[in-house]
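Each remark here refers to the structure printed beneath this line.
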Number of protein chains: 2
Amino acid sequence: MTNIALDTETTEGPSLRREDGAGQTSLHGELLAALRDYIVEGNLADGARVPERLLCDRFGISRTPLREALKVLAAEGLIDLLPNRGARVRALSADDLRELFDVMGGLEALAGRLACERISDEEIAEIEQSHHEMYRFYLRRDMHGYFQCNQDIHRMIVAAAGNATLSATYNSIAGRIRRVRYSANLDKERDRWGEAMREHEAILDALRRRAGSELSDIMFLHLRNKRKAAQHQSATQTDELDEESHSA
Amino acid sequence: MTNIALDTETTEGPSLRREDGAGQTSLHGELLAALRDYIVEGNLADGARVPERLLCDRFGISRTPLREALKVLAAEGLIDLLPNRGARVRALSADDLRELFDVMGGLEALAGRLACERISDEEIAEIEQSHHEMYRFYLRRDMHGYFQCNQDIHRMIVAAAGNATLSATYNSIAGRIRRVRYSANLDKERDRWGEAMREHEAILDALRRRAGSELSDIMFLHLRNKRKAAQHQSATQTDELDEESHSA
DNA sequence: GGCCGATGTTTTGCATTCATTTTTGCCTTT
DNA sequence: AAAGGCAAAAATGAATGCAAAACATCGGCC
């Protein structure tokens with residue numbers, strides 16, 4: 001039986017209810033964000049049933065707003081809602097991950113293209129700064145720092161695209177992926193660390209030249225390579241996924 | 001005062017409740033889909049308040065499931081949820097449309113790239129068939145038939161990508177755009193009808209050669225051109241949007 | 001005559017309640 | 001002893017109820 005990893009310690013947890021004077025709860029988006037974090041951070045096991053009652057106690061609310069939040073999370077793809085059988089944390093199959101990585105690659109490719117259309121020299125300078133910082137982490141073999149800079153750069157490029165819809169879509173996809181433990185997947189990334197660095201050099205170069213179409217290509221392939229590395233690592237369950245890419 | 005375009009005729013409307021024998025309602029996804037259609041089809045005016053009580057009567061349900069559905073639609077970006085002030089139909093600004101079109105372009109670019117990796121000759125043959133049908137509509141100047149085929153082709157390419165996550169994301173974005181009256185935007189598309197046909201020829205050509213990266217480019221630019229045509233048409237409110245594209 | 005505040009109404013957000021379904025434990029039967 | 005069935009318990013989906021907030025209407029004031 002799947003054991004639920006709910007920490008039911010005596011610490012009251014983050015009650016969202018406002019019990020100060022005003023009397024009104026007004027949690028609106030807060031509960032949603034809190035619950036999303038709760039799930040994304042892995043407090044519930046993969047495929048585990050989402051216990052309504054327990055979460056109600058945990059967050060100090062009744063079932064109505066909780067269920068509203070669950071519906072939203074289901075729409076976002078974080079959980080599955082089975083008719084009359086409650087919510088379950090969506091366990092990402094190797095195939096799901098492959099799909100998510102490709103979509104993320106597509107969105108980053110788009111971000112790169114759009115960024116080239118409107119990015120300022122100042123923004124590029126900021127990215128360059130993060131890039132150099134990342135390079136120092138690379139030289140020091142500081143995986144964690146490197147990864148942090150890496151994420152920052154990708155985020156900056158998405159932001160430079162100046163498209164809020166794209167950012168929202170990107171964050172949604174990235175959130176779903178975040179549930180799988182990155183560190184595990186990235187251990188294998190170390191094998192192609194130098195390669196990844198060179199790809200980032202190419203990204204920066206294309207960005208400087210505002211070569212949108214070219215950057216778009218690089219971004220997608222960069223993600224695709226990252227995906228392949230991650231896949232290779234967890235090959236135990238992804239044997240059949242090594243189909244060849246026909247793209248040039 | 002914004003008048004709500006709710007048709008409150010005596011015709012009972014599509015009650016979702018199951019009153020046959022079983023007694024159980026079990027509307028689950030049905031209400032959501034019905035409500036989404038209701039909004040996407042334009043039964044409510046842009047920016048109009050979404051009247052909970054009226055919709056409850058209309059669909060024959062209580063407020064609880066309706067509000068759950070509204071939360072989901074808000075997450076999808078179809079409506080805005082204002083704290084303590086209810087839901088309003090999200091009115092798409094010219095800027096929103098620009099963003100949505102670009103994201104759609106990015107997703108189709110991705111679809112084209114992925115399709116090249118796995119599409120079969122049979123699937124290409126099907127697309128070619130639709131393409132030729134579309135061409136016949138073009139020769140006959142049948143805008144409606146042409147447009148139908150056009151959409152089919154784009155859908156087929158997205159389907160050929162074999163990525164359910166991509167399809168879902170694509171449908172979400174397409175749904176949001178669908179709320180604006182296509183026909184209006186497409187009247188101007190007529191000006192570049194021949195150009196669009198040539199672009200579709202290029203799409204098919206790249207697809208046949210499985211030239212993923214190239215197809216990706218073509219798909220994005222195809223959408224970008226479509227966007228520009230649509231923008232030009234409704235230029236009354238999009239004067240400042242003519243920023244130049246730096247991409248080669 | 002127009003602007004501002006008070007008061008009643010409507011609407012919203014959430015809690016609670018209720019009917020139905022699913023699940024679980026126990027008992028019977030073979 | 002294992003399998004099947006039944007009943008109790010829990011959980012789900014939805015309806016209703018209730019306090020607070022927004023909205024609307026009306027009266028007072030300048």
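Order of the sequence lines fixes the chain letters, A, B, ..., with proteins taken first and strands second; residue numbering starts at 1 for each chain. These numbers come from a predicted model, not from an experiment.
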Could you give the CG-to-P distance, from B:L66 to C:dG13, as a whole number of Å?
12 Å
Quick check: does any side chain N or O of B:N163 sit under 3.5 Å from a backbone N or O of A:E99, one acting as donor and the other as acceptor?
yes
Residues at least two apart in sequence or cross-chain that pass side chain to side chain donor-acceptor pair (under 3.5 Å) with A:S167, listed by chain then number, are none
Quick one: is A:T64 getting a side-chain N or O under 4.0 Å of the C:dC14 phosphate, OP1 or OP2?
no
Starting from P on D:dA11, measure out to CG on A:L55 and report it in whole angstrom.
12 Å
Taking only side-chain N and O atoms of B:R85, does any of them lie within less than 4.0 angstrom of OP1 or OP2 on D:dC23?
yes
How long is the line joining CG of A:L82 and P of D:dA11, in whole Å?
16 Å
Measure from the side chain of B:N84, starting at C-beta and using heavy atoms only, and say which of D:dA15, C:dG13, C:dT22 lies closest.
C:dG13
For A:E108, enumerate each residue passing the side chain to side chain donor-acceptor pair (under 3.5 Å) test, keeping only those at least two apart in sequence or located in another chain.
A:H154, A:Y170
Nearest-nucleotide check on DNA chain D, B:E68 vs B:R63; residue mapping nearer the 5' end is B:E68
Interatomic distance, A:R88 CZ vs D:dA11 P [rounded to whole Å]:
13 Å
In whole angstrom, give the distance that lies between atom CG of B:L31 and atom C1' of D:dA15.
14 Å
Please determine if B:R88 and B:D80 form a salt bridge, counting it only when a charged side-chain N lies under 4.0 Å from a carboxylate O.
no
For A:E52 and D:dG13, give me the distance from atom CD to atom P, rounded to whole Å.
7 Å
Looking at A:R49, I'd like to know whether one of its side-chain N or O atoms comes within less than 4.0 Å of OP1 or OP2 on D:dT12.
yes
Quickly work out the B:L81 CG to C:dC14 P distance and round it to whole Å.
10 Å
In whole angstroms, the gap separating C1' of D:dA9 from CZ of A:R53 amounts to 12 Å
